[in-house]
Amino acid sequence: RKDNVFRDYLYLFAGIGPNYFALCRLFLCNMLNDRDVWIDRCFPFPASVPWRGRIFGNNAIFACVKGNDMAKKNQWKPGNMIYPLPAVLVSCGRVPEEYNLFTVAWTGTLCTNPPMCYISVRPERHSYGIIEKNREFVINLTTKELAYATDWCGVKSGRDCRKFEEMGLTPAPAGVVAAPIVDEAPVSIECRVKEIVPLGSHHMFVADVVNILADDRYLDPVSGVFDLAKAEPLVYLHGAYYGLGGKIGKFGWSVEKKKR
């Protein structure tokens, strides 16, 4: 037992007594392939639990495991564990005096045709009222370079500061909506609210995508292919920000026929 890792899972009965802990540890290491198993006392053997054992002379030592294997799935209360997620900067407001930025991770695609997406926002947030009134917003994808600003805009309120100015970001005109884009973002997705769905702690803004602005720095001049990976996109994973790893494959590569 090391730091209670095996608490509720591992039981030990040693008929040879507490002076043979070293032998018990050797047996457990051998059986469980774990060199970090430590035993500080003998445990009562629960007869109702499946067991595995070996015999050393006349002395029985049993290591007992709940279920079929030590690799047990833990049951947690219902919660949000869909990670990683994009950490985006959402911009809103019709006039410069109203412009604001806030960070959202509860966002994603809803439909391909027509193109639709969503953001889920707490009603108490400053930007909620702005979007509710104007029915427009922009989802700006973020990058490693924008990581600090992305976090800062998520913990500060637009009621107390001017986020564009504080973070040195540039509010630039969008193509269709009145809300500004973040000029430093590699992609800005202009959205028009279709429906507001109250869900609980968050309300979901269901939106039509009405325009997309993409930074030509990531556009291949020859092929015309947009390579967002070169922008080093930022993702959010269980309370922390990360960059992307290396490419593993492409869509459909698992069934792609090999070239002869």
Side-chain angles (χ1 to χ4, degrees), residues 80 82-93 99-121 127 131 136-156 158 162-192 205 207-254:
N80 294 307
I82 302 175
Y83 294 111
L85 294 165
V88 303
L89 282 171
V90 175
S91 49
C92 57
Y99 287 172
N100 192 44
L101 278 174
F102 68 113
T103 306
V104 172
W106 297 171
T107 183
T109 298
L110 282 174
C111 184
T112 301
N113 188 21
M116 296 176 65
C117 63
Y118 77 93
I119 58 172
S120 287
V121 185
S127 293
I131 297 174
E136 294 179 341
F137 60 90
V138 179
I139 296 174
N140 302 276
L141 302 189
T142 57
T143 64
K144 181 180 178 180
E145 188 175 310
L146 291 170
Y148 182 87
T150 300
D151 183 64
W152 192 91
C153 288
V155 296
K156 294 289 186 177
R162 305 286 295 170
K163 296 186 183 180
F164 274 104
E165 289 86 343
E166 291 278 355
M167 288 292 98
L169 298 175
T170 308
V176 175
V177 302
I181 69 167
V182 176
D183 199 41
E184 291 78 7
V187 175
S188 296
I189 304 163
E190 301 178 41
C191 304
R192 189 162 283 149
F205 289 92
D208 291 315
V209 176
V210 295
N211 193 43
I212 293 177
L213 294 174
D215 196 322
D216 60 9
R217 287 181 296 172
Y218 309 109
L219 193 66
D220 189 299
V222 178
S223 66
V225 173
F226 186 74
D227 191 355
L228 183 58
K230 288 184 178 178
E232 298 185 289
L234 190 69
V235 297
Y236 179 78
L237 197 160
H238 204 54
Y241 303 97
Y242 295 87
L244 298 182
K247 181 179 178 180
I248 297 173
K250 65 176 182 178
F251 177 74
W253 67 279
S254 61

Judged by atom type as modelled, is there a donor-acceptor pair below 3.5 Å linking the side chain of [X] to the main-chain atoms of [Y]?
| X | Y | answer |
| --- | --- | --- |
| E232 | E145 | no |
| T107 | Y118 | yes |
| N140 | V182 | yes |
| E184 | L169 | no |
| E136 | V177 | no |

Pairing residues for F137 by the ring-ring contact (aromatic ring centres under 6.0 Å, His included) criterion, not counting sequence neighbours: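 Checked F137 against ring-ring contact (aromatic ring centres under 6.0 Å, His included); zero matches.
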Report task. With sequence neighbours excluded, tell me which residues meet ring-ring contact (aromatic ring centres under 6.0 Å, His included) with Y218. Result ->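 Listed in chain order: nothing, the list is empty.
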Could you tell me which residues satisfy salt bridge (Lys or Arg N to Asp or Glu O under 4.0 Å) with K247, sequence neighbours excluded, listed by chain and number?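 With neighbours one apart ignored, the set is empty.
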Note to self: Among residues at least two apart in sequence or on other chains, which ones pass salt bridge (Lys or Arg N to Asp or Glu O under 4.0 Å) with D215?
What the structure shows: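 With sequence neighbours excluded, D215 shows a salt bridge (Lys or Arg N to Asp or Glu O under 4.0 Å) to R217, given in chain and number order.
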Query raised in the report: With sequence neighbours left out, what residues match Y99 under side chain to side chain contact (heavy atoms under 4.5 Å, CB included)?
Result: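 Once residues adjacent in sequence are excluded, the partners of Y99 under the side chain to side chain contact (heavy atoms under 4.5 Å, CB included) criterion are P96, F164, P171, P180.
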**Request:** Apply side-chain contact (heavy atoms from CB on, under 4.5 Å) to the pair V176 and R192, showing each step before the final yes or no.
**Result:** CA-CA 10 Å; V176 175; R192 189 162 283 149; 3.7 Å; yes
Show the nearest heavy-atom pair for residues [X] and [Y], with the distance to one decimal.
| X | Y | value |
| --- | --- | --- |
| C153 | T103 | C-OG1, 3.5 Å |
| S188 | V138 | CB-CG1, 3.8 Å |
| I131 | C92 | CG1-CB, 3.8 Å |
| L85 | A105 | CD1-O, 3.6 Å |
| L213 | A174 | CD1-CA, 4.2 Å |

Between [atom1] on residue [X] and [atom2] on residue [Y], distance to nearest 0.5 Å:
| X | Y | atom1 | atom2 | value |
| --- | --- | --- | --- | --- |
| L141 | I189 | CG | CD1 | 4.5 Å |
| C111 | D208 | SG | CG | 9.5 Å |
| L89 | W152 | CG | CH2 | 11.5 Å |
| K163 | F102 | NZ | CZ | 8.0 Å |
| I139 | C117 | CD1 | SG | 4.0 Å |
| E166 | L101 | CD | CG | 12.0 Å |

S127 vs V90, test: side-chain contact (heavy atoms from CB on, under 4.5 Å). Steps then yes/no.
CA-CA 9 Å; S127 293; V90 175; over 6 Å; no
Report, as yes or no, whether the 6.0 Å neighbourhood of atom OH on Y148 holds more than 12 heavy atoms from other residues, nucleotides or ligands. no
Show the atom names and distances, to 0.1 Å, of all donor-acceptor pairs under 3.5 Å that link a side chain in residues 234-245 to residues at least two apart or in another chain.
| unit_1 | atom_1 | unit_2 | atom_2 | d |
| --- | --- | --- | --- | --- |
| Y236 | OH | G239 | N | 3.3 |
| Y241 | OH | D151 | OD1 | 2.9 |

Criterion side-chain contact (heavy atoms from CB on, under 4.5 Å) on I212 and V187, from CA distance to verdict = CA-CA 7 Å; I212 293 177; V187 175; 3.9 Å; yes
